[in-house]
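Values below: every heavy atom of this structure, side chains too, minus hydrogens, waters and symmetry copies. We count ligands from 1, going down the list as the structure has it; atoms in each ligand are counted the same way. The residues of the chain are indexed from 1 along the displayed sequence.
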Amino acid sequence: MAESRQSIHGEWSSGMVFVLAATGSAVGLGNIWRFPYLVGENGGGAFVIVYLACILLVGLPIMMAEVMIGRRGKRSPINALKTVAREEGLSSQWKLLGWLGVLAGFLILSFYSVVGGWALYYALQALLNNFSGIEPTAASGMFGSLVGSPSLVLLWHTLFMIILVVIVAAGVRKGLQRAVTILMPLLFMILLVMVVYGMTTGGFGTALGFMFSPNFGDLTGASVLAALGQAFFTLSLGMGAIMVYGAYLPRTESIPVATGWIVGMDTLTAIIAGLAIFPVVFAVGMEPGAGPGLVFETLPVVFGGIPFGFILGLLFFVLLTVAAVTSGISLLEPAVAYVTEATAMSRAGATSAIAAAIWLLGIAAGLSLNAWADIRIIPGMDENIFGVLEFISNDIMLPLGGLLIALFAAWFMRLESVTDELGLDVASTGFRVWLLTTRFVAPAAVILVFLNALGLF
Ligand code: TRP
C-alpha cells in the first residue's frame with residue numbers, strides 16, 4: 001500500500017533536491033517584499049516575536065504533517081488526501097481540503113504575479129541605470145508611477161505569468177535545481193552586502209531596536225493574525241504546495257531533518273531582508289509603515305548610492321524575480337498535478353489553462369491599485385481587491401487549511417502510520433513534541449487567533 005505506491009509525476013533524485021525545491025518554494029516575495037512591509041506596518045519587534053513563535057510552534061509541525069501526507073499519498077493534494085483518508089478508514093471527503101488549497105493557490109498567485117511583475121520591472125529599471133544617485137522621494141515616485149499605471153502593472157503581470165508558464169510547462173526539475181543551488185545563495189549574498197551597507201548608514205541601531213525590541217502594547221489582534229498568516233505564507237503552508245513536493249520525496253529521506261532545513265533557511269532570509277531594508281528606512285527618514293511599496297522604495301536608494309550598485313541592483317532584482325518564479329511554480333503545482341491526474345490534458349495544456357484563469361483574476365488585483373482603487377468588494381472592509389485577495393487567502397484560507405491538515409495528521413490518522421512515515425519512534429522525544437504541537441498547540445493557536453480577530457474574546 002503506502003510503501004509501494006509510486007508517484008506518477010516522478011521523484012526527486014534525493015532528499016537534498018527536495019529541500020532545495022521546497023526552499024525555492026518558501027523563499028520568495030514573502031520574505032523580501034511581504035515580511036519587511038508587515039513588520040513595518042505592525043510596529044516591529046512584537047510582531048517579529050509573534051511571527052517567530054508561529055513559525056516554530058505552528059509552521060514547523062504543520063510542514064512535517066504536510067510532507068508526511070504528501071509522501072504517503074504520492075499524488076496531488078486532492079488525491080493524496082483522498083487516498084490516505086481511505087487507507088486510514090476515514091471519509092474520502094477529506095479531499096475537499098485539497099480543493100481548498102487549490103483555490104487558495106489561485107487567489108495567492110493572482111496577486112503574487114502582480115508583485116512578481118514589479119520585480120521584473122525593477123530589473124529593467126536597474127538595467128537602464130535608473131537608480132543611479134536616486135533620492136528617496138524620487139524612489140517613491142518611481143514606485144508610485146509604476147503602480148499608478150494600469151497598463152504598466154498589467155504588462156508586467158502578464159510577462160511574469162508567461163515566464164512562469166513556460167518554466168512549469170517545460171517540467172521544472174532541472175531549472176528549479178539550478179535556480180535554487182546557485183541563484184538563491186547569490187540572492188542571499190547580495191542581501192548580506194546590503195546589510196553591511198546598512199551598518200554604515202547610521203540607521204542600523206534604530207533598525208535593530210525596531211525589529212527586535214518588542215513593545216507588546218502595540219500588538220493588536222489584527223497584527224497577531226497577520227503574523228500567523230505570514231508564517232503560513234512564507235513557508236508555503238496550508239494549501240498543499242509543500243504536500244505536493246512531499247509526494248515526490250523518496251521514502252528513504254527523513255522528514256524532520258528536511259523540514260528543519262527549509263524552515264531555518266526561510267526564516268533566516270526574512271530576517272536578513274529586514275536587516276537590509278530597515279536601516280535605510282530609518283537613515284533616510286522614511287515611514288516603516290509605508291506598506292507594500294516598502295522594499296521597492298528603499299532598495300533603489302541603496303543601489304543608487306553604493307559602489308557596484310549598478311550590477312548589484314540588476315542582479316538583485318533579477319534574482320528576486322527568480323525567487324518569485326520558484327515560489328510561483330509551487331503555487332501552480334497542486335492544481336497542475338491534479339488536472340493531469342484527473343483529465344487527459346498534457347502538463348503544458350493544464351498549466352496554460354490554469355495560469356490563464358489566474359492571470360484574469362490578477363488583472364483585477366492589478367487594476368485595484370489604480371483604475372479600480374475605489375472599488376470595495378467586501379462590505380465593511382476598507383481594502384481594495386488586491387488587499388482583499390491577500391487577506392482572504394493568507395490570513396483566512398492558509399491558517400484554516402493548516403488547521404485541518406494538523407487535525408487530519410495528529411487526530412485522525414493512525415499513529416502507526418504517522419510514526420512510520422516520519423521515521424520516528426512513538427516513544428521518542430521528537431515524536432512527542434511533534435504530536436503535542438500538532439495536536440494541541442498549532443490548532444489552538446489558529447483557533448484562538450481567529451476568534452480574537454473576529455472580536456469574540
Ligand atoms: N512562500 C512563498 C513566498 O514566501 C510564496 C508561496 C509559494 C506560497 N507557494 C506557496 C504561499 C503556497 C502559500 C502557499 O514568497
Side-chain angles (χ1 to χ4, degrees), residues 20-39 51 54-55 58-60 62-63 66-67 70 76-77 97-98 100-119 160 164 167-168 172 176 179-180 184 187-188 191 226-246 259 262-263 265-274 292 295 319-337 354 358 389-402 404-405:
L20 291 173
T23 305
S25 162
V27 174
L29 297 169
N31 306 63
I32 292 164
W33 158 68
R34 200 164 189 266
F35 173 73
Y37 104 68
L38 287 182
V39 172
Y51 165 80
C54 289
I55 293 279
V58 183
L60 182 61
I62 292 183
M63 183 181 283
E66 267 203 38
V67 177
S76 67
L97 176 51
L100 176 73
V102 167
L103 184 63
F106 256 73
L107 302 186
I108 295 174
L109 192 50
S110 72
F111 68 81
Y112 203 84
S113 164
V114 170
V115 182
W118 300 348
F160 182 85
L164 191 59
I167 293 177
V168 176
V172 297
L176 199 65
V180 192
M184 291 302 102
L187 175 64
F188 191 80
L191 279 173
L228 179 74
Q230 174 63 9
F232 279 95
F233 183 78
T234 193
L235 296 176
S236 306
L237 290 181
M239 57 77 66
I242 292 294
M243 197 182 287
V244 84
Y245 280 11
T259 49
I262 301 161
V263 170
M265 291 196 271
D266 185 77
T267 308
L268 194 62
T269 310
I271 299 289
I272 296 289
V295 37
L319 295 175
L320 183 61
T321 308
V322 174
V325 169
T326 58
S327 299
I329 290 170
S330 74
L331 285 160
L332 267 181
E333 186 64 22
V336 171
I354 295 165
I358 296 174
L389 286 168
E390 224 185 325
F391 177 76
I392 294 188
S393 53
N394 299 349
D395 293 357
I396 308 292
M397 295 174 82
L398 297 181
L400 183 64
L404 293 169
I405 288 165

Once you round to the nearest 0.5 Å, how far does [atom1] of [X] lie from [atom2] of [Y]?
X	Y	atom1	atom2	result
Leu109	Ile358	CG	CD1	4.5 Å
Met243	Ser236	CE	OG	13.0 Å
Met397	Phe106	CE	CZ	11.0 Å

**Prompt:** Which atom pair, heavy atoms only, marks the closest approach of Phe232 to Gly402?
**Reply:** CE2-CA, 3.7 Å
**Prompt:** Under a 4.5 Å cut-off applied to non-hydrogen side-chain atoms, are Ile32 and Leu187 in contact?
**Reply:** yes
Under 3.5 Å: N or O atoms of ligand 1 paired with protein N or O:
unit_1: ligand 1; atom_1: 1 (N); unit_2: Ser25; atom_2: O; d: 3.2
unit_1: ligand 1; atom_1: 1 (N); unit_2: Ala26; atom_2: O; d: 3.0
unit_1: ligand 1; atom_1: 1 (N); unit_2: Phe233; atom_2: O; d: 2.8
unit_1: ligand 1; atom_1: 1 (N); unit_2: Thr234; atom_2: O; d: 3.2
unit_1: ligand 1; atom_1: 1 (N); unit_2: Ser236; atom_2: OG; d: 3.0
unit_1: ligand 1; atom_1: 4 (O); unit_2: Ala26; atom_2: O; d: 2.9
unit_1: ligand 1; atom_1: 4 (O); unit_2: Gly30; atom_2: N; d: 3.3
unit_1: ligand 1; atom_1: 4 (O); unit_2: Asn31; atom_2: OD1; d: 3.4
unit_1: ligand 1; atom_1: 9 (N); unit_2: Ser236; atom_2: OG; d: 3.3
unit_1: ligand 1; atom_1: 9 (N); unit_2: Ser330; atom_2: OG; d: 2.9
unit_1: ligand 1; atom_1: 15 (O); unit_2: Leu29; atom_2: N; d: 3.1
unit_1: ligand 1; atom_1: 15 (O); unit_2: Gly30; atom_2: N; d: 2.7
unit_1: ligand 1; atom_1: 15 (O); unit_2: Tyr112; atom_2: OH; d: 2.5

**Asked** Of all residues at least two apart in sequence or in a different chain, which pass the side chain to side chain contact (heavy atoms under 4.5 Å, CB included) check with Leu60?
**Response** Thr259, Val263
